[in-house]
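Each remark here refers to the structure printed beneath this line.
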Amino acid sequence: MALLEVRDLVVEFTLGDGRIARVVDGVDLDLDAGEALGLVGESGCGKTTTALAIARLLPANGRIARGTVRLDGQDLTALDDAAFRDRRWTDISVIFQGAMNALNPVRRVGDQVAEPILIHEPTTTREAARRRVAELFELVGISPDRLREYPHQFSGGMRQRVMIAMALACRPRLVIGDEPTTALDVMVQAQILELLERLRRELGLALILITHDLSVVAETCDRTLVMYAGRLAETGPVERLHGGPLHPYSLRLLRSVPDLSGERRLPAGIPGQPPSPESPVSGCRFHPRCDRAMAQCVTDVPVVRSFGEAHRVACHAVGEEGRLRPPGELPRIPSALAIAAASTSGVEVAVDADVLPVSADDLGVPPGDPREPPADRPVGVAGPPMPPVPPSVAPVRTTTDASAPTTDDLPRVDA
Amino acid sequence: MTSAAAAAPSPARRHGRRDAWTHAWSVIRADRQSMLGMVILVVFAIIAIAGPILAGPIDRAGANRPMLDPSLAHLFGTDRSGRDLFLTNIWATQVSLLVGVVASILSMVIGTAMGIAAGYLGGRWDAWLMRLTDFFYVLPTLVLALVLAAIMGPSLSNVILVIAVTSWPATARVIRSQTLTVRERMFVDRARATGASSARIMRRQVLPNVFGLVLANTTLTIAGAIFLETTLSFLGVGPRDTYSWGRILDESFEAGALTLGKWAWFVPPGVAVVLVVLAFTLVGGAFDEILDPRLRRRGAGPGAEPDATDPGGPLLSIESLSVPESLDPERRGG
Amino acid sequence: MIGLRGLRVHYPLRRSLGAWLRGEPVGVIRAVDGVDLDLGRGEIVALVGESGSGKTTTGRALVRLAPITDGQVLLDGEDVTRIGGRALRAYRRRVQIIFQDPYESLDPRRTIAQQVEEPLLVQGLGDAAERARRVDRALDDAGLRPVERYRDRFPHELSGGQRQRVAIASAMVLEPDVLVADEPVSMLDVSLRSGILRVMLDLRAHRDVAILFITHDLSLAWLIADRIAVMYLGRVMEIGPAETLVRDPRHPYTRALLSVMPSPDPAHRRERRILRGETPDASRVPPGCRFHTRCPLAFDRCRTEEPPSVEVTPGHVAACFLATEPPTDPA
């Protein structure tokens, strides 16, 4: 049985004006003991929210609206706050983003690391706690002589080690690292990642590493989970997903990362930005930015399908044989129909909400790109030519009094 | 700086300015407290401006019968020399507000200039300007005001000056600390990199970014100034040539209005002071929000968010949509 | 065209009261400690280093935002190290900078057009119509199209990538000859970086601007730059053509940096040479070769003698005694 089993997780935030934004929308996630999972996506894709929901650390206006989070088979969402607080840090701990600034500047680091121990194991004497902190310091590579120093006497990398020591204080089985190396130099990042890997081996820790950097995942994780706009796009073993990504989003993310061992040319990047959770996109949420978008992508939410060992992907352009079909093989959308589809599916909403449409460069069109902007662009479309974007995003409003189930209500298949 | 710098604003910007007023109004209207403050201020402003014009001079309108109780003819009664107290209060409104506003503006100008200069220029400038500020800061305001008023004579302009001179240091300190944080912002560096002089950066980069604080502070300073003027007048060093709320209070106490039970003599000016001070404080809080463009245009303008989050709304009604490839002659390559 | 000669930027260290009472000497932070660097017209040079290497200070000294302790800044052979007032303002018309944080480097209270116009006002260039034209062109060059859509917006209404484009526009509106770009993409999502880098390449191609691209990311430097200079503790350790430096690094520090660059392809997991410890404090620069405390190859001479800059091949210079020897360390 998996150590952590997340099923159909839905996290919603209540906005200032009372509206509800669905930031995580039906995510499944499994993690075995001692396994490392990389959770990736652009900023605003819901990866941090997913992790915070697992650790039940959502801000006051956020809540788990649906789904289960099982640790060793026990549903954590069913626990009340007090019961969960006992589990946090003893079972799940978190290394926060920008952790170097999460230390209290006027308290000794040793005392801060000892705090979770004293809270969760009230029988521990101060002396025992201190000994344990000294051991933890040694474990993360800090001299125990520095227990009595203050945070400002530590460098950024050392403070991050302190935070890791704090996360390990109560011997958790699952550690969630939220961008634990983002603000660090490459050399220090390498040191920290090496440390996490060693701890994983020695302590049998399960690790969820949240990062926007696919290369970090490639170097440290067993599996990758790519999220887009609150949904799972693709997940699979690192070798498989990085070697042959099936989802166009994973593919383009991977192609955005410069690779010193590859060819020296500017990566393509990904046009546009992820949609805001306040104004979701119909069908596949990636379709406005996807070069493989078909009519089906505008209307139908792609179900998650399995291909081989733990490799799962949600994309219409992946054939039954488990291959991402190139754009040329895919049926295109006739423009008139696409516009009708867009206007009835609420897609114009997404375009308007993207207050500032992407510029041509964001679209990854190199100068002198042979692709011409489509000639059949509807009249009155403001904005730069958006070649790789399907015509479905044309901001045409028609008042269609359609009443149908929302895309969110469409059946979802768990692979 | 170049004269070209003062070029006429583009139509778009003028449009933006009108937006700003609309926005300011919407912020105030949305907040019940500042709305209440605004209503009180408007009422007093109307009294201050229109009252004396409609009512005419105090002396001639008086009844020349001293110490009358309130009646329909004399709403607040009359004082020892037979002046109509209702009229006197109307005139006093004008004077008190004038003193408060003018003294505060003066004080804000001095304080803001000192604060920005000390904070932005730093080093020796900071040390000397702040030493000067501290000097004025630690002087007991009331004593200084009493001494200055005594030396310069109890005229209206002197009282304004006294209040301005004693109230700017607080502003200077607040503005300086805000300037210190603004100075570290990258856009100040960027301005320096474009070749802008210190004077220009202080005016164009720093001032707009501390202005919300200046305004919020002004409303508080006005309240304080009105209070100080009242106190000074009450102590007998206020302007002698006109009536203010403080002077009415002063005279009422001198005449023993409290023991005589002549409440209509001292209650109206007292209530007026409290109301105006309260109103300025209430409005002050709204200023920061008004001046911050990040809080502007929420839910308005071209970038308005559509109401798409309602999960019950019709999002999609396409069934069995088929897409024959032949209909799409212009394929987009990817 | 623009060059640095023996540039030094030292800051006095603030003494604690105790240190003052004990009569300890005033310490010095040697942020930049003898940097020579040249940029030709239309050339992109990347300055790579970790935090504390002095790369940002070097860039700021180049635009005369950091106080220069010693050395020279030369523009077209003319010494501009000590100029001030009118001459400095003219210098800044030719040498511009963009900063790392696209959220911080724009004034939140002013519209995009106002921000981009500001340098023209400061420099007193053109009448209103001319300025508007130049603002539009700068925005267009930075890829903010159509321009009308962006002019009257405020920074908070833009995405990070768009803000960085505004920052580029407001630097390029003066049509400078040199642009210092201080970590221009490090705060952006990887998917957006290419767009910004492409703008810079286009500017170089069309405006012939020389760019000093400051970054901590060797792979970015390698992508965009003609030449790469690797800095450590205030000094350039190695400089050379981008491809040469990445394929045939001669300084042990460059080699270590390259070995820890993560690759998105798990098939490329190679042995990482992780340096132990941390970069020493810039107020306590080690004697001899400043890298010797962390160098896996250090020997006695490195601890006492500063290694000379050795030209390995034309244009490829490394400051290491072993620069011309074949790599001796394993792997």
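First the proteins, then the strands, lettered A, B, ... as listed; each starts at 1.
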- prompt: Shortest non-hydrogen contact from Q189(A) to P262(C)?
  reply: NE2-CG, 3.8 Å
task: Using a 4.5 Å cut-off on heavy atoms from C-beta on, say whether the side chain of D217(C) contacts that of V186(A).
output: no
message: Does any part of the side chain of Q273(A), heavy atoms only, come nearer than 4.5 Å to the side chain of Q162(C), both counted from C-beta?
response: yes
message: Using 0.5 Å steps for rounding, measure from the OG atom of S43(A) to the CG atom of L188(C).
response: 9.0 Å
task: Kindly indicate whether the side chain of M158(A), heavy atoms from C-beta on, has any atom under 4.5 Å from the side chain of E278(C).
output: yes
- prompt: Which distance, rounded to the nearest 0.5 Å, do you find between the CZ of R193(C) and the CD1 of I270(A)?
  reply: 12.5 Å
- request: Heavy-atom distances under 4.5 Å only: say whether V190(C) touches chain A with side chain, backbone, both or neither.
  value: both
Distance (rounded to the nearest 0.5 Å) between L266(A) CG and R198(C) CZ: 5.0 Å
- prompt: Does W222(C) offer a backbone N or O that forms a donor-acceptor pair with the side chain of R264(A) under 3.5 Å?
  reply: yes
- prompt: Taking 4.0 angstrom as the limit, do R273(C) and E194(A) come out as a salt bridge?
  reply: no
query: Is a side-chain donor or acceptor of D259(A) paired with a backbone partner of S263(C) at a separation under 3.5 angstrom?
result: no
- prompt: Do any N or O atoms from the side chain of Q191(A) and from the backbone of L275(C) form a donor-acceptor pair under 3.5 angstrom?
  reply: yes
- prompt: Would a 4.5 Å heavy-atom cut-off, applied to side chains only, mark M187(A) and R294(C) as touching?
  reply: yes
Whether over 12 other heavy atoms sit under 6.0 Å from R240(A) CZ: yes
- line: Note: P264(C) and A218(A) closest approach over all heavy atoms is O-CB, 3.5 Å
query: Under a 4.5 Å cut-off applied to non-hydrogen side-chain atoms, are S215(A) and D265(C) in contact?
result: no
statement: If one checks every heavy atom of R265(A) against chain C at 4.5 Å, the contacting part turns out to be backbone
- request: Return the option, out of S51(C), G52(C), A205(C), with the maximum number of heavy-atom pairs under 4.5 Å with chain A.
  value: S51(C)
message: Is R247(C) close to chain A through its backbone or its side chain, or both, or neither, when contacts mean heavy atoms under 4.5 Å?
response: side chain
field: pair S191(C)-R252(A): side-chain heavy atoms closer than 4.5 Å
entry: no
